[in-house]
Amino acid sequence: MANCLQSFCSTFTRYGLLLYLCVLSVRGDSVLFRSNEYSIGALGYGPFQSYFSANSTPPEWNFVVPVNDTAGAPSLSSGYIFSAPRGSSVFRQGAAIYDQSGSLVWDGSIYGPTLSFSVVTYLGEPHIILWTGTATSAGVGNGYNILLDSKYDLVANFTVDIQGDTGKVLADFHEATITSNNTALMTAYPFKSMDLTPIQGPQQGWILDSAMQELNISSNEPLFTWIASDHVDITECYNTPGTGGGSVAEAFDYFHINSIEKDDAGNYLISSRHCWTVYYLDGTNGDILWKMGGKNSSFAMGNGTEFSWQHHARWVEKNDSYATMTLFDNAGQYGQQQEEMSRGLLLGVDFSNMSVNLLAEFLPWNQSISQSQGSVQLQPNGNFLVGFGQLPWTGEYAPNGDLLWTIQFGVGDVESYRALRYNWTATPTDSPSIDLVPASKSNLLSAHASWNGATEIVKWELYGASDSSGSNSISLYNKTKDGFETTITVSTVSNSYDYYAVRAIGKSNKVLGVSEFISTNAAPVKIVGQVALAILSAGIVVVLLS
C-alpha cells in the first residue's frame, strides 16, 4: 500500500499540483498538550483541524502551558477567544472564534484575511466588527470594515473619508471599533509630501502619515478627523527613513498609529508605535493634552513602565485624578530590540503627580520578542488575556501576572493581530450541516453534524426519511454536542433509510435549526476549502492543494 500511495502522490506532483500533505486524518476538534512534535514543526508549520460536515480548516491549538484544573487553581474567565490567524503558513487565513478547549465556534475566513476583529455594541446590540482588505509587508493595509449581527448577517460596511496630498489614502486595519454613540473609529494612512532633512531624509520627501477618523455609520459622514503630522513633529519618531522617503512608493511611516479609544469625556487615547508614545487628544480640536512615553513624555515614568514599539493602549478605569491602563509592549521591531522580551502591561496613571507606575506585567512563556502586533485585555473576573501578535501565542494571566495557560496556534509564519475574549451568543441564518460517511466493512453509518457560528446548541438529533422532503421522517438518536462537529453513529440494519438530516436542539428542547435531508448514496469525496480529500478504500485521506 505504501508503494501504491507513493506512486499516487508522485503522479500528481508530476502534473504540477502542489502536494501539501500526502497523508492526513480528518480529526476535527483536535487539540494537543505540550506536543514537542507540534512545537518543532514536525506536524507542519501551520497544523489545522478539518471536518466532514464543514469546509473549515482552523489552526490547531497546542497548549504549551496547559490549564491547571486541580482543586484550588485560579479560575479562568468565561467567553470565547476571538483571533484572526494569518501568514504564509496558515492554511486558510481569516477570523475565527474558539472555545476555551480549542474547538472552533465560527469560521469567518469567507471574509478573507483580517486584523481588527472584535465584538462591539451597535444600536444596543452586540455585533462583530472586522476589517477586510489587503495588508502590505510595510505593516499597513487598505480595505474596509464590516458589521455582522448575531445571525452573522451583514449590517453595514464603511471606510474612512480622507484625502492625502496624492488623493490616495490607505483605509487601514489597525483599529476598527464602535463608540457609545454608535459611531465608528478607524485608522488611515494618507500620503503627504514633507521635508525629511531633520531626520536625515530627502528634502523633497514623502511620509505615510497617520490619521484617525470618527464616522457616522448610517450617513458615512466624517465627524472628527485627526492627522498626526499636524500635531506631532517628525523628530519625535524613533524610526529613520534610511534610503526611503524619496517617493510615494517609498513613503516614510514616521508615526504608525495602531490603536484608538474614545472615553466618556469625548477625548481620544491613541498609540503611536514609531514614536513609542501614547497620546491623549482633545475631542473637540485635536490638541494633544498629554503624552506618555517617548521623547517628550508629560509623565515621570516609574521603574518598569518604559515601553517601545507598543500596541493596543486601553483604559481600564479612569477619573480626574487616577487611571489604570493596559498596553502591549513589543520592546522591539524587525532588526532591533530594546528589552529581553515583549510583555503585557498594566499601568497606574497618577494625574495629580503626573507619574506612571507599574501595577503588573505579563511575560511570555518563553521570553521572546514579538516584533509587531499584540494585545492586552482585562477580563471580567480580573484576569488578563494577552495576544502576542507576530508570535502565534495567546495566554491568560492572573491579576498578579502569574501565567495560567498559553496556547500556540502555529510555528511558522503564523500570527494574529490581537487575541480577545467575549461572551457571544449567536444563531446563524444559515442551516446546520450534515455529512454521511458509511463504514466500508460494517453496517454502520456516521452522521457528522455542525453549524458554523452557532453557540446555543445543547444536543444534536438524527432523523431518517425515505425521501429528500423528510415528510415521513423519524427520530433515530440524539447526542450531546461535542465540539464543533458532533458524530452520531448508527446501525444501518436497524436504521436503514435513504435520507438523513440533523436537528440542532437548544435549552428546553428548543429546535434551533434543521439541516437538509441528504442521500446515503452521495459519493465519499469531501471538499475542504481549497483541498480535495479523497477517501481511499484503505481509510487513508490524501490531501492535494487545488
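Everything quoted here is computed from the prediction, not taken from an experiment. Sequential numbering from 1 along the given sequence is applied to the chain's residues.
Using modelled atom types, one finds a donor on one side chain and an acceptor on the other under 3.5 Å when comparing D467 with S469. In this model, a donor atom of one side chain and an acceptor atom of the other lie less than 3.5 Å apart for S450 and S53. Using modelled atom types, one finds no donor on one side chain facing an acceptor on the other under 3.5 Å when comparing S35 with N62. In this model, a donor atom of one side chain and an acceptor atom of the other lie less than 3.5 Å apart for N216 and S218. Side chains of S78 and N423: a donor-acceptor N/O pair is present below 3.5 angstrom, by distance only.
Between Y397 and F384, a ring centre-to-centre spacing not shorter than 6.0 Å is recorded. Outside the 6.0 Å centre-distance limit, the rings of Y499 and F517 are not counted as a close aromatic pair. Between F328 and F362, a ring centre-to-centre spacing not shorter than 6.0 Å is recorded.
Atom NE2 of H174 sits about 15.5 Å away from atom CE of M186, to the nearest 0.5 Å. Rounding to the nearest 0.5 Å places CD1 of I434 at 12.0 Å from OG1 of T486. In this structure, CD1 in I474 is found 4.5 Å from OH in Y497, a value given to the nearest 0.5 Å.
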Is there a side chain to side chain donor-acceptor pair (under 3.5 Å) between T489 and S446? Walk through the geometry before answering.
CA-CA 4 Å; T489 301; S446 292; 3.0 Å; yes

Let's go through F82 and Q377 carefully: what are the C-alpha distance in whole Å and the side-chain angles of both, what is the deciding distance for side-chain contact (heavy atoms from CB on, under 4.5 Å) to 0.1 Å, and is it a yes or a no?
CA-CA 12 Å; F82 284 62; Q377 183 194 34; over 6 Å; no

For a side-chain contact (heavy atoms from CB on, under 4.5 Å) check, start with the C-alpha distance between D482 and D29, then their side-chain angles and the critical distance, and finish with the verdict.
CA-CA 9 Å; D482 181 20; D29 298 299; over 6 Å; no

As a quick check of understanding, evaluate side-chain contact (heavy atoms from CB on, under 4.5 Å) for W460 and W451, giving each step before the final call.
CA-CA 10 Å; W460 288 99; W451 198 3; 3.9 Å; yes

Let's go through Q408 and S39 carefully: what are the C-alpha distance in whole Å and the side-chain angles of both, what is the deciding distance for side chain to side chain donor-acceptor pair (under 3.5 Å) to 0.1 Å, and is it a yes or a no?
CA-CA 8 Å; Q408 62 180 152; S39 296; 2.6 Å; yes

Could you walk me through whether N443 and S491 pass the side chain to side chain donor-acceptor pair (under 3.5 Å) check?
CA-CA 6 Å; N443 296 315; S491 169; over 6 Å; no

How far apart are the C-alpha atoms of H448 and V437, what are their side-chain angles, what is the distance that settles it, and do they pass the side-chain contact (heavy atoms from CB on, under 4.5 Å) test?
CA-CA 8 Å; H448 302 277; V437 179; 3.7 Å; yes

Between S271 and Q310, is the side chain to side chain donor-acceptor pair (under 3.5 Å) condition met? List the steps.
CA-CA 7 Å; S271 167; Q310 80 289 339; 3.0 Å; yes

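Y122 has its side chain out of reach of I129: every pair of non-hydrogen atoms, C-beta onward, lies at least 4.5 Å apart. For the pair L43 and V411, the minimum side-chain heavy-atom distance is 4.5 Å or more.
Shown here is Y477, whose OH atom has no more than 12 heavy atoms of other residues, nucleotides or ligands within 6.0 Å. More than 12 non-hydrogen atoms from other residues, nucleotides or ligands lie less than 6.0 angstrom from OH of Y422.
The aromatic rings of F484 and Y51 lie tilted to each other, with the angle between the two planes from 30° to 60°. Ring geometry for W106 versus Y111: interplanar angle of 30 to 60°, hence tilted.
Partner Y152 forms a side chain to side chain contact (heavy atoms under 4.5 Å, CB included) with one of T429, I110, I128 and no other, that one being I128. Remark: of the listed residues N182, T183, L147, N157, L147 is the sole one forming a side chain to side chain contact (heavy atoms under 4.5 Å, CB included) with I217.
In summary, E175 and R314 engage in a salt bridge, as defined by a charged side-chain N under 4.0 Å from a carboxylate O. Using a 4.0 Å cut-off between charged side-chain N and carboxylate O, R421 and E396 make a salt bridge.
Remark: the backbone N or O of K481 is not paired with any side-chain donor or acceptor of K479 at under 3.5 angstrom. When atom types are taken as modelled, the side chain of T159 and the backbone of A171 share no donor-acceptor pair closer than 3.5 angstrom. The main-chain N or O of P126 is never found under 3.5 Å from a side-chain atom of W424 such that the two would form a donor-acceptor pair. Of the possible polar contacts, none joining the T57 side chain to the S50 backbone as a donor-acceptor pair under 3.5 Å is found.
Closest of all the heavy-atom pairs between A360 and P399 is CB-O, 3.7 Å.
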